[in-house]
Amino acid sequence: MDNISNYFGANVFGDSVMKERLPEETYNLLRNAAVEGKSIDNEIANTVALAMKEWAIEKGATHYTHWFQPMTGITAEKHDSFIAPTDDGHIIMEFSGKELIKGEPDASSFPSGGLRATFEARGYTAWDPSSYAFIKDNTLCIPTAFCSYGGEALDQKTPLLRSMDAIEKQALRIVKLFGMTDVKSVRTTAGPEQEYFLIDKELWKKRPDLVFCGRTLMGAVPPKGQEMNDHYFGVIKPRVSEFMKELDDELWKLGVLAKTEHNEAAPAQHELAPVFTTTNIAADHNQLTMELMKKIADKHGLVCLLAEKPFKGVNGSGKHNNWSMATDTGVNLLSPGKNPRENLLFLLCLVAVIKAVDKHQDLLRISVATAGNDHRLGGAEAPPTIISMYLGDELTEILEDIENGTSHENRGKTKMNIGTEAIPEFKKDNTDRNRTSPFAFTGNKFEFRMLGSASSISDTNVMLNTMMTDVLKEFADRIENAKDFETEVREIIRESFHNHKRIVFNGDGYSEKWQEEAAKRGLLNLKSTPDAIPYLLSDENISLFTRYGIFNNAELRCRADISLENYSKIVHIEALTLGEMVKRDVMPAISKSVKDCCKTLEIKTRILGGDNLKAEKAIIKTLSDCYENLFDLVTKLDLEVEKAQAEADILKQSGLYNKSVLMLMEEIRAEADKAETLVPRENWPYPTYGDLLFNV
Ligand code: ADP
Ligand code: MG
């Protein structure tokens, strides 16, 4: 095999290619544009476009596309070929700065929550020079933002870029106050760990629920689940390992730093973690990762399920969003260093996060609110729906000392005794990590664990960046106006921890007690998407987002509407799918099994007499009851779906889907699952959980 370094980033118009192919002046201007957010004029764009085109054509590309992320959560592209006719009837390969900078996809079928109707019919895509162009399937893909004519964001990237600019401004003020005058930029960083399931494609085809909804809507628990813990970090099966190898190769060519691949807790579940990078690039890369996972699985006769809860009774899939802030001079602002007790910049940033998370619990919950993820959150496997933060004993102790004016031995100096000196000093608390916490400090970054596996990481990072912007601004204002720098910084740390420590919880997030305790502390517990989304439009949030230019009023409303509409649409499709599965497959299967059993009973009665034939009678009775119940429930489901469909108010509509429709679906599932355990294997219409989870 080739040395990876020979092909890593081979399909990316990245820094080294640009350096090699662009005039020095253009290269520098472009880099400044990317690093410092300066705008790019037509002349630079033309030069870049020419170099990009030549490079792409040499690599075999025939088309180009503006690659963007509409609010459907997946990426979109519209391919144009480089070919343009000339006057003399020939063709030339054409691609200019104009085409690089701006595109006009026919955008009428992307969700806009009414934004485009209000402003203008067309949508525009605009080049994001801070994320590299790349080649995929013979097409030069140009990362772009997607907006309306008036500049309203219709995508995930635009608000993310805005929020990165906003937090940078405030973070720069802070680091300058700490004397770091050489810092030119502060970027937020993200490393999203991606969980997913791989199942056999032939089996997948036989399940309408998987095909239409990406998750199973019924399925009895198999005799073996994940209780033996034999899958987690277990040996990777050959077919999966081939898939992972190809996935790594393809990602590496695209410059995605896929790093660790391992099995997860549930059978057939796996994880890919990349090396972290600047947030907007991490977001682009995660979209590419999800896309390639699906495509490459297909080549291996597999299907990659990204849904958050594809199987009931086994762990679901999340996406851990590791987040921090870093300067262009290489300082991680959340790195405690050797002596966190005396590291005021670190402690200030730490309490900024604590304050932000406590003040804006609603925004974090909203950023992970989808129909799919609701099934995952709150089970004793993923973080609960209550937002809290884990700091570990050492940091909690340091902050408590500052709060109370007490002091402790510096723990950083005591090494954990595992018989070796070769471990870093600050690791003791953090290796013993709390897996139940939604928002955990893990050494030199925070890990937000509520994000669903299928979602883009953009929303979550927009929220994190925006709420941090607000807190950092407040801190910077105070410190700038303070008489004594250090006294003020210490006071801010003390006061922020004191006022917001209710969000810190180092215990077991799954316990009943925590639910009660959290309620006492006044923490929010927004159980479902329809419960959470309305908070986006609170006066406080509208004011927050408009103040920093992240979203205007109309953009916020459109996002709330789209979230609720998506929620309703998903549950609607699931309800119809389940109804059809029950009516056309499950009930006939039950009916046939009852008939077979009745026949046997009839014959046996003739030979043996009617007494003592308990088994057949019991099975006939149970299955007949299931059949009746399913008929009633499915009839009710049809009615409830109709009612929800007819509701014009989208919030009320999502509430109906959440309460009545989903509840009925649960009841139907219980009956179907009961039937599955009694119907002979040959009569059951679908591959079972056992087949799906243990057959790769
Ligand atoms: P675990 O599975 O134990 O949570 P992993 O090592 O699998 O940890 O993943 C940790 C993730 O955090 C990786 O993607 C890593 O690149 C990322 N990460 C590390 N440091 C930072 C940082 N400063 N900012 C953002 N992400 C980071
Ligand atoms: Mg993790």
Side-chain angles (χ1 to χ4, degrees), residues 160 163-164 167-168 171 175 185-196 231-234 236 244 247-248 251-252 255-266 269-290 293 315 317-337 340 343 345-346 349-350 352-353 381-383 389-392 423-424 426-451 453 457-458 460-465 468 509:
L160 183 60
S163 74
M164 289 174 70
I167 190 174
E168 173 168 45
V175 296
S185 81
V186 178
R187 295 265 128 175
T188 53
T189 52
E193 300 161 57
Q194 175 75 48
E195 290 180 332
Y196 60 97
H231 189 69
Y232 193 49
F233 283 94
I236 297 174
M244 285 180 175
L247 178 62
D248 278 343
L251 287 172
W252 288 336
V256 179
L257 287 150
K259 191 153 177 250
T260 50
E261 302 252 19
H262 62 76
N263 288 350
E264 264 299 325
Q269 193 185 29
H270 312 281
E271 180 188 288
L272 181 147
V275 175
F276 72 96
T277 175
T278 314
T279 312
N280 70 319
I281 295 179
D284 285 356
H285 282 179
N286 183 252
Q287 293 297 130
L288 277 174
T289 303
M290 291 193 287
M293 278 176 168
N315 276 10
S317 302
K319 179 141 51 193
H320 293 175
N321 189 76
N322 294 275
W323 180 92
S324 190
M325 298 172 283
T327 68
D328 59 334
T329 53
V331 179
N332 175 356
L333 298 182
L334 288 176
S335 174
N343 188 343
L345 177 57
F346 162 70
C349 292
L350 182 70
V353 182
E381 45 147 313
M389 292 173 83
Y390 170 83
L391 299 180
I423 56 160
F426 191 71
K427 278 286 171 179
K428 188 171 164 186
D429 273 307
N430 302 293
T431 41
D432 174 30
R433 293 206 315 226
N434 183 327
R435 288 262 154 208
T436 67
S437 178
F439 205 101
F441 186 75
T442 50
N444 57 5
K445 62 190 187 303
F446 273 100
E447 180 172 345
F448 180 49
R449 305 193 177 118
M450 284 174 83
L451 193 53
S453 48
I457 67 166
S458 296
T460 278
N461 286 287
V462 168
M463 299 305 184
L464 277 170
N465 295 348
M468 281 296 288

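One-based numbering, in listed order, for ligands and for the atoms of each. Nothing fancy with the numbering, it's 1 onward along the sequence.
For ligand 1 and V275, the ligand atoms under 4.0 Å from any heavy atom of the residue are 16 (O). Set against the non-hydrogen atoms of E447, the atoms of ligand 1 under 4.0 Å away are 4 (O).
Put simply, the residue from Y390, W323, F446 that forms a ring pair (Phe, Tyr, Trp, His ring centres under 6.0 Å) with F441 is F446. Each of T279, T460, N461 was scored for a side-chain hydrogen bond (donor to acceptor under 3.5 Å, both in side chains) with N321, with one residue passing: N461. Just one residue in the list E264, E271, K319 forms a side chain to side chain contact (heavy atoms under 4.5 Å, CB included) with E193, and that residue is E271.
Contacts between K259 and ligand 1, counted as non-hydrogen atom pairs separated by less than 4.0 Å, are absent for every part of the residue. Contacts between N332 and ligand 1, counted as non-hydrogen atom pairs separated by less than 4.0 Å, involve the side chain only. Residue contacts with ligand 1 for H320 are absent, since no atom lies close enough (heavy atoms, distance under 4.0 Å).
Considering only non-hydrogen atoms, atom 1 (P) of ligand 1 lies nearest to E193 out of E264, H262, E193, M325. When the heavy atoms of P274, A273, A440, P192 are ranked by distance to atom 13 (C) of ligand 1, first place goes to P274.
Shortest non-hydrogen contact noted between L334 and S324 is CB-OG, 3.5 Å.
Atom NE2 of H262 sits about 10.0 Å away from atom CD of Q269, to the nearest 0.5 Å. Taking CG of N332 as the reference point, atom NZ of K445 lies at 9.5 Å (rounded to 0.5 Å).
An N or O contact shorter than 3.5 Å links N322 to ligand 1 by distance.
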